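Everything on this sheet refers to the single structure shown next.
Throughout, a chain's letter reflects where its sequence line sits, starting with A, and its residues are numbered from 1. Source: prediction; values computed, not measured.
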2 protein chains.
Amino acid sequence: MDLLKGTLDVLILRTLSDSPSHGYAVARAIREQSAETLIVEEGALYPALRRLEKRGLLKASWGRTDTGREAKFYALTAPGKKQLKQAMSDWDRYVEAMGLVLRGPQA
Amino acid sequence: MDLLKGTLDVLILRTLSDSPSHGYAVARAIREQSAETLIVEEGALYPALRRLEKRGLLKASWGRTDTGREAKFYALTAPGKKQLKQAMSDWDRYVEAMGLVLRGPQA
DNA sequence: TTGTATACCTAAAATTCTTATGCATAAATC
DNA sequence: GATTTATGCATAAGAATTTTAGGTATACAA
């Protein structure tokens, strides 16, 4: 399914909140955890990671994967953790508001 | 709150599924029903209505409001009803997938 | 050796939104 | 009476984020 524009950041932040990881693995985790529903294209992934790093929400460093490959690892910073909390709250509020319109106050 | 890009269409279709209405009233209904959370700017509203009409999901016609003002009324077409059903289903699936990533399988 | 998976990146195009602006009428307020 | 607010339509410029498509390189499996 196509990503809704604006939802990728929180997916990345949440995925990295478990443990630092590299881009390719983040995309795979999102795909797998969403039961193949949320497909993160690489053309969206890498620019998003750089945006988040530029905003100070992630810290990048080169390292090696389990299989010994070079990869750029990203870790949540303190502001990143704070932003994740906020973004998850925003998402919940958005879902609730959509529900009010789509299903009415009772649902 | 800013709209997530891609969620406006289903909001419009759902609002018009109650009864035909005009653009300004659709935006107001979305704002009110979402408890002032989803604010539809006019610069997003009118182009969206035209897009949906162009896709054959809405049918437009000029008429008069209760207060006697000229306004362009939009009604759901048969394909529009079908698309609303699909779009609501897509939204539910998206929310579920986001939940899987953000909160895990148990939640 | 050919394909598949891993791992990074970028550019062009598409989409959809916000912001800003314009026009016009009616109702409410000062 | 004049001004503001609300109603109602519309468009253009800019911003943001995505898809699509391409490139590079290594490792492993068929």
Side-chain angles (χ1 to χ4, degrees), chain A residues 1-13 15-16 20-32 36-55 57-58 60-74 87 90-91 94 98, chain B residues 1-13 15-16 20-32 36-55 57-58 60-74 87 90-91 94 98:
Chain A
M1 191 183 295
D2 286 358
L3 285 181
L4 285 176
K5 303 186 191 197
T7 56
L8 179 54
D9 287 6
V10 70
L11 290 169
I12 291 174
L13 293 174
T15 300
L16 290 174
S21 185
H22 61 279
Y24 197 84
V26 167
R28 185 173 45 205
I30 292 172
R31 179 169 51 73
E32 288 175 356
E36 313 294 319
T37 302
L38 304 177
I39 309 300
V40 181
E41 303 291 341
E42 301 192 349
L45 173 70
Y46 293 110
L49 287 169
R50 285 166 170 282
R51 280 200 304 270
L52 294 170
E53 187 192 4
K54 198 172 174 189
R55 286 170 61 193
L57 306 179
L58 301 182
S61 59
W62 286 92
R64 290 194 171 274
T65 67
D66 294 339
T67 57
R69 297 175 74 101
E70 289 276 346
K72 196 190 270 185
F73 283 76
Y74 289 93
D90 287 348
W91 170 251
Y94 203 92
M98 287 287 290
Chain B
M1 190 185 295
D2 286 358
L3 284 182
L4 283 178
K5 303 185 191 199
T7 57
L8 179 54
D9 287 6
V10 70
L11 289 168
I12 291 174
L13 293 174
T15 301
L16 290 174
S21 185
H22 60 279
Y24 197 83
V26 167
R28 184 173 46 205
I30 292 171
R31 179 169 50 74
E32 289 175 355
E36 312 293 320
T37 303
L38 304 177
I39 309 301
V40 182
E41 303 292 341
E42 300 192 348
L45 173 69
Y46 293 109
L49 287 168
R50 287 167 168 282
R51 281 199 305 268
L52 294 170
E53 187 192 5
K54 198 174 173 188
R55 286 171 60 193
L57 305 179
L58 300 182
S61 60
W62 286 93
R64 288 193 172 277
T65 67
D66 295 340
T67 56
R69 297 174 75 101
E70 289 275 345
K72 195 190 272 187
F73 284 76
Y74 290 91
D90 288 347
W91 171 251
Y94 203 92
M98 288 286 291

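- One atom, CD of Glu41(A), and another, P of dT15(C), lie 16 Å apart when rounded to the nearest Å.
- Separating the CG atom in Leu57(B) from the OH atom in Tyr74(B) is a distance of 12.5 Å, to the nearest 0.5 Å.
- Judged by distance alone, with hydrogens and angles left aside, Glu42(A) brings a side-chain donor or acceptor within reach of the base of dC8(C), the pair sitting under 3.5 Å.
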- Task: Could you walk me through whether Tyr94(A) and Thr7(B) pass side-chain contact (heavy atoms from CB on, under 4.5 Å), step by step?
- Result: CA-CA 10 Å; Tyr94(A) 203 92; Thr7(B) 57; 2.7 Å; yes
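- Whole-Å rounding puts the Lys72(B) NZ to dT25(C) P distance at 18 Å.
- In this structure, of dC8(C), dT19(C), dC9(D), it is dC9(D) that holds the atom nearest to the side chain of His22(B).
- Atom CZ of Arg31(B) and atom P of dA6(D) are 10 Å apart (whole Å).
- Taking 4.0 angstrom as the limit, Arg50(B) places none of its side-chain polar atoms (N or O) nearer than this to OP1 or OP2 of dT16(C).
- Residue Arg64(B) is out of contact with every strand shown, counting any heavy-atom pair closer than 4.0 Å.
- Between the CG atom of Leu3(A) and the C1' atom of dT16(C) there is a distance of 15 Å, given to the nearest Å.
- Within 4.0 Å of Ala44(A), counting heavy atoms only, lies at least one base atom of the nucleic acid.
- Spacing between atom OH of Tyr74(B) and atom C1' of dG8(D) amounts to 12 Å, rounded to whole angstrom units.
- Within the 4.0 Å cut-off from OP1 or OP2 of dA26(C), not a single side-chain nitrogen or oxygen of Thr67(B) is found.
- Using a 4.0 Å heavy-atom cutoff across all strands shown, Gly68(B) reaches no nucleic acid atom at all.
- A straight line from CD of Glu70(A) to C1' of dC9(C) spans 15 Å, rounded to a whole angstrom.
- Sequence neighbours left out, the pairs with a member in residues 60-69 of chain B that pass salt bridge (charged side-chain N to carboxylate O under 4.0 Å, His left out) are Arg64(B)-Glu70(B).
- Counting to the nearest Å, the C1' atom of dT6(C) and the CZ atom of Phe73(A) are 12 Å from each other.
- Under the salt bridge (charged side-chain N to carboxylate O under 4.0 Å, His left out) criterion, Arg55(B) pairs with Asp9(B), not counting sequence neighbours.
- You'll find that the side chain of Tyr46(A) is closest to dT10(C), out of dT18(C), dC9(D), dT10(C).
- Annotation for Thr15(B) and Ala29(B): closest pair CG2-CB, 3.8 Å, computed over non-hydrogen atoms.
- Each of Leu4(B) and Arg69(A) has a nearest nucleotide on DNA chain C; the 5'-most of these lies closest to Arg69(A).
- Rounded to an integer number of Å, the gap from NZ of Lys5(B) to P of dT16(C) is 10 Å.
- The phosphate of dT7(D) has OP1 or OP2 within less than 4.0 Å of a side-chain N or O from Tyr24(B).
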